Structures are given as C-alpha cells and as structure tokens.
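Naming: A, B, ... by sequence-line order, numbering from 1 per chain. Here the structure is a predicted model, which is why all the values come from computation and not from measurement.
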2 protein chains.
Amino acid sequence: MDVSSAVEKFLKTIYNLELRHQKASGSNMASKLNISPAAITDMAIKLAGQGLINYQKHKSITLTPKGKKIALLASRKHRLWETFLHRTLNLNLDEIHVEAELIEGYTSEFLLGKIDEYLGFPEHDPHGDPIPDKKGVLPEEQAFFPISESSPGSYQIERLYFESDELNDFFTEYEFKVGDILELVLIFKMDNALLIKRNKVTMVISENIGSKILVSKLNE
Amino acid sequence: MDVSSAVEKFLKTIYNLELRHQKASGSNMASKLNISPAAITDMAIKLAGQGLINYQKHKSITLTPKGKKIALLASRKHRLWETFLHRTLNLNLDEIHVEAELIEGYTSEFLLGKIDEYLGFPEHDPHGDPIPDKKGVLPEEQAFFPISESSPGSYQIERLYFESDELNDFFTEYEFKVGDILELVLIFKMDNALLIKRNKVTMVISENIGSKILVSKLNE
DNA sequence: CATCCATTTTAAGTATCCTTAATTAGACTA
DNA sequence: TAGTCTAATTAAGGATACTTAAAATGGATG
C-alpha cells in the first residue's frame, strides 16, 4: 500500500491520539494537523473508502489494522529521522520533531533502511518513543507510568511527551532527557504539584507537566 | 522569494542545462523532469509572469537573475544533502543523487545551515560540483576541462558528470572518484577514444565518457 | 423535553501540478 | 517555395489537498 505524505500524516495523527487515549475527533484532528475541520471530513470519507479507517458521521475516527500498519510505518520514518538528526547534527528534541515532520513523507525505503542501519537498529527515539521495525512491529515494551501518578522515591525518565510549545520550551530549557534520574520528594496535596530533585537541583513541577514524564521505578 | 519544490526543481533543471551548454528547450526539460511537454509550457508561462525566467513561444528558456538565484539555492540544497548522505551513510554517487532529489524540496533553512556546519562548509559535493553559499554565491573556480580535450599526460579528476544511468553504472562499477589520478596515454585517431591508466589499471574509454570527466593538469 | 451551542458536515470553489488529445508553428527538405 | 515533420502550444480536464460559508446534527442544559 502506497500512500501520499498527507495520508501518512493523517493516519499517524490518529495513531498518536489513540496512544494517548484521546479521541480522534474532527476538531482534535483539525488542530493537530492545522487544517480546517471540513478537510478532516473529506479525508475521513476518502480513507474510510480505502479501508484504512473506521468512520461514521459525527463519530470519532479509529484505525483499521491496514491503517494502523501504515501509521506505524509512518511513525517509524518519523522516529528514525528524529534519531538520525539528533545523533549526527545534535539537534535538540523539539528541533528534530519539526524537521522530521517536513522531510519524512519523502523518504524512500532504501534511505530509511540505511539510516536504520547507521543508527544500529535503535528501538527508541530520543523522546523515548518506541520505533517500529520495518514490518511495523513495535518492540516489546515495559510498562512506564507518569511521575504524577507515582509515590515518593527514585525514578528514571523513560519518555517525554513534547506535546505543546510550552512543554517543548520547558523540557528544552531545563534539559530534561530520557535516562535522567529523578527523585520524587513529595506531592503537594493542595494541587498535586510535585517536588522533585534532579542533578542535585530541586524544583516543583505541576501535575500536568508530571503527566508528560513517564518513568520507571529504580530499585534502591 | 519562497517557491514550491516543483518550481525549485524546474529552475534547477534550467540552470543545469545552461551549465552544460545545452538549451532549455521544452523537450529537453520534459525529459529531464519526466513530465509532459504541455506541463513545461504551463510552468514556463507561470514563471515568466513571476519574473523568474525569460520565455518566448517556441524559444528555449533562460533564467533571469532572480530565477538564477533560486536555482543556485536549490543546487545548494541538493549538493549539501548529497554530501551529507555520502559522509554519514556512505551512499555512493548515484544513490545520493536520487535520495537528495526526493528530500531537498522540503528542507528548512535552519536544517540546511546545520548540515552545512556539520560538513565544515564544504565548497564541493562528492561529484566535484561547487556548492553555492547561503547567499547563492558560487566559490571561486579553477578552469577544469574534459579529459577528452586533453593531450597525453597526468591529470587529476575534479568533477564527474553522472548524467545518465549508463554513466552512473560505469563510474560506480569502476569506482571513478573525484581526486583520482589519471594518466592519459594516447588518443586513438580513429574515434578519439582514450587510453588511460588509473591505479595501475589500463582501460579504453570513449570520447563521450571522456567528455564527462573534468580534470586538472598535474605538474610533474 | 425543548432549546441551544459546539461540532461536524455539506456545498462550492481554489491552487498546484499534472495529464491527453488536438492544433499550430517553425525548421528543414526536396 | 510548397510540403513535411517535429516540437511546442492550446484546450480541456483530472487528482490531491486544501479553503470558506452555510446548514445540519446531536449532546448537554435548564
């Protein structure tokens, strides 16, 4: 199945929303893709006709297995490009996203394979997101959880969700990276804000930001 | 001036034809770009209206200064991508061309700058073609000449024109590279074929192939 | 349960870049 | 110089991916 870069982007967006347990509604899609809601309806009708999505009027969109495979392969492109740009050009985590988004739709299978090989067939990109293999299969995953749902103790950052410009700025400015060690000192009952220690620096982050930082428990 | 990737490709094609002293006629353009002659006429009228090319019915196209600048910046993208893919992924000279062609139109100025910096601001790509700077200015060039127009003696390869699949295959198969030392032993009067020695291997190449190998004279 | 409002859809239309088929222009030849 | 042939142009149209504006829907609320 060979699809345009617009279709790849559309399916990838549904997939990413599903992953975060958000509905792929028209307005959601429109704002993520930065196009009008009417364009979403158009595309939805077209892709439903091709068996790539399940779509009923006024309902949110879900992927069919066929559509999901394309979405996974599009994610693969995206994440391999991100990893490649990070390793070679040393771009930071929000820069790699923007640039990968521009190029990924025009990448040949051949080039992608070379990039994969160069990188040593990585299983995760620099955000910690898993990279599907060339058949669209995701690597085995441990269960990670948001630091905002944890109790005091030591954790390692496993994934960072760069979901908005504000989060980009925050994670970039304070240099949050996958692999960093966090100590959750306490949770404020008032607003569920988190007092954390990282590199000997103590800071308070909101519950909302905490929900975008997935961690694993460190044995002590 | 911000133009689409199709327009960049169009202008770059005219530029490349001009460089090789070939006319940018409709049929020439159509075969280089692999689109119909009617599409060439369409695009020509449009771009003439934007002051990017000089165009009169039934005459061949030339670039205006404005169009030439865009063509040079498009060449810059192409050649920086080629150089980057060659250095990082070790793709060979015909592979880098194909892949760069696909991606180049979707590259941001930011990313291009990072690639340029990573490569150390190179002045030539792996084919030996000059890379314009970010203002579209070409580096100072020595005068190179085709080996087919030289007399017996020692030369260094300065540029290789990968102009057709056959030439791709030839240069790739026999591993011709910019920087190689060639000794031109003799020229057959019969058909102007060239007897050359390279890495202690002697071979005969046609005048046509010789015209695609630019060299500089080595002092002995 | 009727009303309201946000969301979604429909309808119509635009831009870009391409196609095929038919026509015309210009260059070359006899 | 008329005729011929090739290259280029015109005309019509199609695919894709969007837009705006108006209409419809359906879920939430009083």
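Residue contacts shown for B:Thr41 include a base, since a base heavy atom lies under 4.0 Å away. No engagement by A:Phe10 is indicated, since no non-hydrogen atom pair under 4.0 Å with the nucleic acid exists.
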List the atom pairs, donor and acceptor, that lie under 3.5 Å between side-chain atoms in residues 89-96 of chain B and the rest of the protein, sequence neighbours left out.
residue	atom	partner	partner atom	Å
B:Asn92	OD1	B:Asp94	N	3.2
B:Asn92	OD1	B:Glu95	N	3.1
B:Asp94	OD1	B:Thr172	OG1	3.2
B:Glu95	OE1	B:Asn92	N	2.9

Could you pull out every donor-acceptor pair under 3.5 Å between side chains of residues 204-213 of chain B and any protein atom, sequence neighbours left out?
residue	atom	partner	partner atom	Å
B:Ser206	OG	B:Asn208	N	3.4
B:Ser206	OG	B:Ile209	N	3.1
B:Ser211	OG	B:Asn208	O	2.6
B:Lys212	NZ	B:Glu163	OE1	2.8

Pair up each side-chain donor or acceptor in residues 23-35 of chain B with any protein partner under 3.5 Å, not counting sequence neighbours, and list the distances.
residue	atom	partner	partner atom	Å
B:Ser25	OG	B:Asn28	N	3.3
B:Asn28	ND2	B:Lys23	O	2.6
B:Ser31	OG	B:Asn28	O	3.2

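By the side chain to side chain donor-acceptor pair (under 3.5 Å) test, A:Ser216 is found to be paired with A:Glu158, residues two or more places apart in sequence or in another chain being considered. Applying the ring-ring contact (aromatic ring centres under 6.0 Å, His included) test to A:Tyr55 and every residue at least two apart in sequence or in another chain returns nothing. Partners of A:Tyr161 by ring-ring contact (aromatic ring centres under 6.0 Å, His included), not counting sequence neighbours: none found. Considering only residues two or more places apart in sequence or on other chains, A:Ser164 meets the side chain to side chain contact (heavy atoms under 4.5 Å, CB included) condition with A:Glu166, A:Leu167.
To the nearest angstrom, C1' of C:dT10 lies 16 Å from CD1 of A:Ile40. A:Asn28 places its CG atom 11 Å from the C1' atom of C:dT7, with the value rounded to the nearest Å.
Closest approach of A:Ile61 and A:Ala44 over heavy atoms only: CD1-CB, 4.0 Å. Contact between A:Leu11 and A:Leu47 at its shortest, heavy atoms only, is CD2-CD1, 4.0 Å. Looking at every heavy atom in both residues, A:Asp116 comes nearest to A:Leu80 through OD1-CD2, 3.5 Å.
Between B:Phe171 and B:Phe176, the angle of the ring planes lies from 30° to 60°, which puts this pair in the tilted group.
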Can you give me the N/O atom pairs linking the protein to nucleotides 15-18 of chain C at distances under 3.5 Å, or say none if there are none?
residue	atom	partner	partner atom	Å
C:dC17	OP1	B:Ser4	OG	2.4
C:dC17	OP2	B:Lys46	NZ	2.4
C:dC18	N4	B:Asp42	OD2	2.9

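Contact between the side-chain N/O atoms of A:Ser25 and the OP1/OP2 oxygens of C:dT7 is not found at any separation under 4.0 Å. Between B:Tyr55 and D:dT9 there is a side-chain polar atom (N or O) within less than 4.0 angstrom of OP1 or OP2.
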Produce a footprint string for nucleotides 22-29 of chain C: one letter per nucleotide, 5' end first; B if the base is under 4.0 Å from any protein heavy atom, S if only the sugar-phosphate is, - if neither.
---SS---

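The ring-ring contact (aromatic ring centres under 6.0 Å, His included) contacts involving residues 94-122 of chain A comprise A:His78-A:His97, A:Phe84-A:Tyr118, A:Tyr106-B:Tyr106, where partners must be two or more places apart or lie in separate chains.
Comparing the start and finish of the helix from C:dC1-D:dG30 to C:dA30-D:dT1, five pairs each, the helix axis swings through 10°, to the nearest 10 degrees.
Annotation: the span from A:Ile196 atom CD1 to A:Leu186 atom CG amounts to 11.5 Å, rounded to 0.5 Å.
For the contact set between residues 15-24 of chain B and DNA chain D, defined by any heavy atom under 4.0 Å, there are no members.
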